Enquirer: 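My questions will all concern the structure given below.
Numbering of ligands and ligand atoms starts at 1, following listing order. Reckoned from all heavy atoms, side chains included, excluding hydrogens, waters and symmetry mates. It should be emphasised that the depicted structure is a prediction, and the values quoted were computed from it without experimental measurement.
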Amino acid sequence: MSTSTLSLIPIPAKVTSRAGAFRLTASTQIEASDALRAHAEVLRDQLRPATGFPLPILAKANGPRIALALDQALARLGDEGYRLTAGADAVAIAAARPAGLLHGTQTLRQLLPPAILRRAVAGKVAWSVAGVEIEDTPRFSWRGSHLDVGRHFMPKTTVLKHIDLLALHKLSVFHWHLTEDQGWRIEIKRYPKLTEVGAWRKDSMVAPRTREPSQRKFSGSPHGGFYTQDDVREVVRYAADRGITVVPEIEMPGHALAAIAAYPELGNTQAKHEVQTYWGISEHVFGVGDNVLTFVENVLEEVLALFPSKFIHIGGDECPKREWKESPAAQARMKELGLKDEEQLQSWFVTRIDGWLAKRGRRLIGWDEILEGGLAPGATLMSWRGERGGIAAAKAGHDVVMAPEKPTYFDHDQSEDQITPIRGMNTLADVYAYEPVPKELSAAEAKHVLGAQGQLWTEYMPDPQRMEYMAWPRLCALAEVLWSPPATRDAADFARRLDAHRERLRILDVNFYRARR
Ligand code: ACM
């Protein structure tokens, strides 16, 4: 069997065929030390439902086996690298660190027939794995999927399913966009109204994409929802068990209207507002008083207790400055600090949070508007308005994550279908052709590019089905861009592998976009 007939996504760094094939049977054992037992259980739980095989876990197997082992000699493959060897008697998965073993087990799932993904015993399947030796390691550490649950709340089961899919594709970061003008989605014990008030809105805009109020059409139904802190703990742990870090985003100082609707004193005018029912950027943003900073820090204190992620996303995008220009309190704050404009005031706000997070051992990440008025010293930049912001930040020695609208905004159409009113298309081919390291960067500067991610802004994705339709298979392409060495990039081969991979997505009941032929 030639390696080119394998349908692995993302394609491994190095694949060599070997003679023979491994056959998973009722007598296969899983070999793992006590220290790796939890990982072996994950593997067993992945292989047992479809095969019905017992797959006992033993410290020392005495027959055909799938062996998991930590091997420091593989440290050269990095924290997430692994080696998988399949021969007649065994599949051996070895890695220097547990994250590598998780990726290796995902590769094994893709080496087996797609029916391995079924959740009940699949009859008459030969569970064979072609003889192969794989050495694999990711190109980038930040291989992300962003999901906006502010515009449309996505149920926890949808989030968990999405995380399973990210793991299957060896993606490493789930960027959970939790707060918006149109909804606050995370329980904060100290501020109950954030979810009592801020998680619910009276109506939702459906179309067209316009700023003209008289043209907006609405669904006519209320919308809302939030995750309790216990839900969040479940999601974070579920993701961690699958090698995925959940990076929370709490938007500030803009995109904060749901919080201001709950606590009007957080705004600039004390005016009462409702949670926004239409799309677009709200003019109503956080004030800059001590009360707001205390609020934000108190919220973040609860967020840090829930999310072990080193990176905490504070938004920072699209903060209109009109209210600050008109607010005597904001103007007085600028004067007191000797700031020359409102951009510098935003920079001061973000820098203060940067310092607060740094003191707690965390790192601030924000959208590229945080460059305006001066980038906070510890900030990592997420570049969405093209790559310019990312290039400037990397040149200034800051880490960056690439998230440019073209081609990583998956709220854009992927064909001429015009399923969304958002202008511009990002096709599967565009995503597959994406190069996350801009050529403007030197080799040293390029090291600041941690990776990239796909954005799911959900204004026009009212439910999980539509969200999946926009996400897949573009995330398959992005996963390969971010994991596999550039030399393996081959659009025709990817298309062939994706044809086979679609069967996996079908079995997993993913509502992926199906190209017309
Ligand atoms: C963004 O699209 N406002 C980050």
Enquirer: How would you list, by chain and number, the residues with a heavy atom under 4.0 angstrom from ligand 1?
Expert: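 Near ligand 1, by chain and number: D317, E318, W367, W384, Y409, W457.
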Enquirer: Quick one, F218 with Y278, criterion ring-ring contact (aromatic ring centres under 6.0 Å, His included). Give me CA distance, side-chain angles, the key distance, then yes/no.
Expert: CA-CA 8 Å; F218 289 85; Y278 52 90; 7.1 Å; no
Enquirer: Looking only at the aromatic ring of each residue, does the gap between the centers of H448 and W142 stay below 6.0 angstrom?
Expert: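 For W142 and H448, the ring centres are not under 6.0 Å apart.
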Enquirer: Under the salt bridge (charged side-chain N to carboxylate O under 4.0 Å, His left out) criterion, do R514 and D417 qualify, and how do the steps go?
Expert: CA-CA 11 Å; R514 286 138 169 100; D417 284 359; over 6 Å; no
Enquirer: Would you check if T458 and R466 make a side-chain contact, meaning some heavy-atom pair closer than 4.5 Å?
Expert: no
Enquirer: Does atom CZ of R388 have more than 12 heavy-atom neighbours, drawn from other residues, nucleotides or ligands, at distances under 6.0 Å?
Expert: no
Enquirer: Is there a side-chain contact between V400 and S383, using heavy atoms and a 4.5 Å cut-off?
Expert: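 V400 vs S383: side chains apart.
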